[in-house]
Amino acid sequence: MTGIIVRSISGFYDVDIQGHILRCRGRGKLRHQKQKPLVGDRVEVTRISESEGALDSILPRRNALERPAVANMDQILIVASGAVPVTDPFLIDRITALAIAVDCQPVILFNKWDLVPVPELAEIYSRAGFTVIPCSAKTGQGVEEIRSCLQDRISVFTGNSGVGKSSLLNAMEDSLELATGEVSVKLGRGRHTTRMVELFRLPGNALVADTPGFAAFDPQTPELMDVQTLAGYFPEFQPYLSDCTFADCAHVKEKGCGLLAAIEQGRVSKSRHESYVRLYQQAKEFRPWENRGKNGPS
């Protein structure tokens with residue numbers, strides 16, 4: 001039988017088989033092959049009883065992340081906000097780059113639009129070619145558009161703690177009853193309410209994961225640590241990368257750089273380039289031999 005892992009709990013895996021859940025333990029051969037099942041994995045299982053099974057094998061993955069531990073994502077929905085807790089654009093840029101690096105579609109949701117609309121910031125990402133949805137879990141703005149975006153896909157919600165990921169999911173399907181946390185006025189950030197990655201099934205053949213906040217994403221994600229490919233994860237940079245005087249241009253501060261010229265002409269956002277430079281510096285300082293074992297799930 002074939003299904004998808006929707007939950008991982010202490011060595012057991014809940015596998016959804018056409019709406020029926022089997023709680024499975026992995027076969028010993030998976031450990032011997034150093035294969036770690038992840039939420040989102042499509043797997044083959046053998047039924048042992050009405051509610052229990054054995055996980056036999058993991059089918060080929062489209063993509064996978066180690067933190068959060070999830071596989072086969074179609075899209076990452078980045079929940080951001082101009083209200084407390086205010087989202088740092090660099091965090092948005094890091095996750096959009098990561099999504100593209102693992103062949104995943106980034107979608108940016110600006111929640112709490114009813115409190116603090118951020119049209120200038122939304123315009124930066126719309127011009128960069130991303131799907132941007134202004135929304136509000138409180139008023140319902142944008143909820144139908146998000147619901148349509150989720151159909152027939154595996155989607156991961158992420159964002160700062162307190163920015164409203166779980167609230168948006170509850171607004172789309174109140175039967176989920178996901179825990180939500182209040183934002184600390186003193187600290188300007190939310191309390192962590194999501195403790196693990198879990199896929200929830202929504203109408204329209206949608207599978208959605210509510211993940212812990214941005215802190216769960218390792219800032220030295222291996223996918224972003226190659227200086228040669230990093231610029232390729234900023235789609236709006238592409239028309240200008242071939243206009244550089246030198247073939248090995250880093251697009252940071254070099255003379256004759258086509259990307260820097262486009263920024264001066266207002267064709268590319270300066271803040272997006274600043275994020276690229278920060279990621280580029282992180283990538284230059286990355287030491288792969290110091291991060292063995294952090295190269296993601298097999």
Side-chain angles (χ1 to χ4, degrees), residues 65 67-68 75-99 106-128 130-147 149-150 155-174 176-198 200 208-219 221 269-279 282:
L65 289 175
R67 296 179 63 194
Q75 56 188 3
I76 296 179
L77 287 88
I78 305 160
V79 185
S81 172
V84 177
V86 178
T87 303
D88 182 349
F90 174 67
L91 297 178
I92 302 175
D93 296 335
R94 180 156 58 88
I95 304 304
T96 57
L98 176 60
V107 178
I108 305 168
L109 311 180
F110 284 105
N111 193 26
K112 305 184 183 182
W113 195 269
D114 56 314
L115 298 177
V116 181
V118 283
E120 296 86 0
L121 191 58
E123 177 65 16
I124 287 174
Y125 293 99
S126 294
R127 287 181 57 198
F130 298 115
T131 298
V132 174
I133 304 177
C135 56
S136 169
K138 183 177 180 180
T139 67
Q141 177 185 357
V143 168
E144 286 303 319
E145 190 175 351
I146 298 169
R147 185 180 284 120
C149 183
L150 300 177
S155 305
V156 173
F157 274 62
T158 194
N160 301 81
S161 296
V163 81
K165 303 181 301 296
S166 298
S167 296
L168 279 174
L169 284 168
N170 286 336
M172 285 183 285
E173 186 60 44
D174 56 14
L176 290 176
E177 297 182 346
L178 298 177
T180 59
E182 296 180 356
V183 174
S184 166
V185 175
K186 181 177 180 180
L187 298 178
R189 60 173 182 260
R191 299 182 181 91
H192 294 281
T193 55
T194 303
R195 303 299 181 185
M196 64 178 181
V197 180
E198 179 176 358
F200 300 96
V208 178
D210 181 21
T211 71
F214 272 115
F217 283 88
D218 189 339
T221 306
S269 162
K270 184 178 180 181
S271 69
R272 288 275 291 164
H273 181 255
E274 289 172 350
S275 293
Y276 164 77
V277 172
R278 286 180 64 178
L279 288 170
Q282 288 180 7

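Atom set for the values below is all heavy atoms of this structure, side chains included, hydrogens, waters and symmetry mates excluded.
- Rounded to the nearest 0.5 angstrom, Q282 CD and L279 CG are separated by 5.5 Å.
- Among residues two or more places apart in sequence or in another chain, the salt bridge (Lys or Arg N to Asp or Glu O under 4.0 Å) test is passed with R147 by E144.
- The minimum heavy-atom distance linking G162 with P85 is given by the pair O-CD, 3.4 Å.
- In this structure S155 satisfies the side-chain hydrogen bond (donor to acceptor under 3.5 Å, both in side chains) test together with Q75, sequence neighbours excluded.
- Between G82 and V116, the shortest heavy-atom distance links the atoms O-CG1, 3.6 Å.
- A distance of 9.5 Å separates CD of Q141 from CD1 of I146, quoted to the nearest 0.5 Å.
- Residues S81 and W113 form no side-chain contact, since every pair of their non-hydrogen atoms from C-beta on lies 4.5 Å or further apart.
- In terms of the side chain to side chain contact (heavy atoms under 4.5 Å, CB included) criterion, residue partners of R278 (sequence neighbours excluded) are, by chain and number, D88, F90.
- Side-chain contact between V107 and F130: absent, with no pair of heavy atoms (C-beta onward) separated by less than 4.5 Å.
- The two residues M172 and F157 make their nearest non-hydrogen contact at CE-CZ, 3.8 Å.
- L150 CG to E145 CD: the interatomic distance, rounded to the nearest 0.5 Å, is 11.0 Å.
- Applying the side-chain hydrogen bond (donor to acceptor under 3.5 Å, both in side chains) rule to N111 yields no partners; only residues at least two apart in sequence or on another chain are considered.
- The backbone N or O of V84 sits less than 3.5 Å from a side-chain atom of K112, completing a donor-acceptor pair.
- For the pairing with L77, the side-chain contact (heavy atoms from CB on, under 4.5 Å) check across T131, L109, I95, V208 returns one residue only, L109.
- Partner F110 forms a side-chain contact (heavy atoms from CB on, under 4.5 Å) with one of I78, L121, I133 and no other, that one being L121.
- Side-chain contact between V132 and S126 is present, with heavy atoms from C-beta onward closer than 4.5 Å.
- I76 approaches A99 most closely through the heavy-atom pair CD1-CB, 4.0 Å.
- Applying the side-chain hydrogen bond (donor to acceptor under 3.5 Å, both in side chains) rule to S275 yields the partners D93; only residues at least two apart in sequence or on another chain are considered.
- Residues passing the side-chain hydrogen bond (donor to acceptor under 3.5 Å, both in side chains) test with D114 are S136, sequence neighbours excluded.
- Atoms CD1 and OG1, from I92 and T158 in turn, are 11.5 Å apart once rounded to the nearest 0.5 Å.
- No side-chain heavy atom of V143 sits less than 4.5 Å from a side-chain heavy atom of C135.
- With contacts defined as side-chain heavy-atom distances shorter than 4.5 Å, the pair T96/R272 qualifies.
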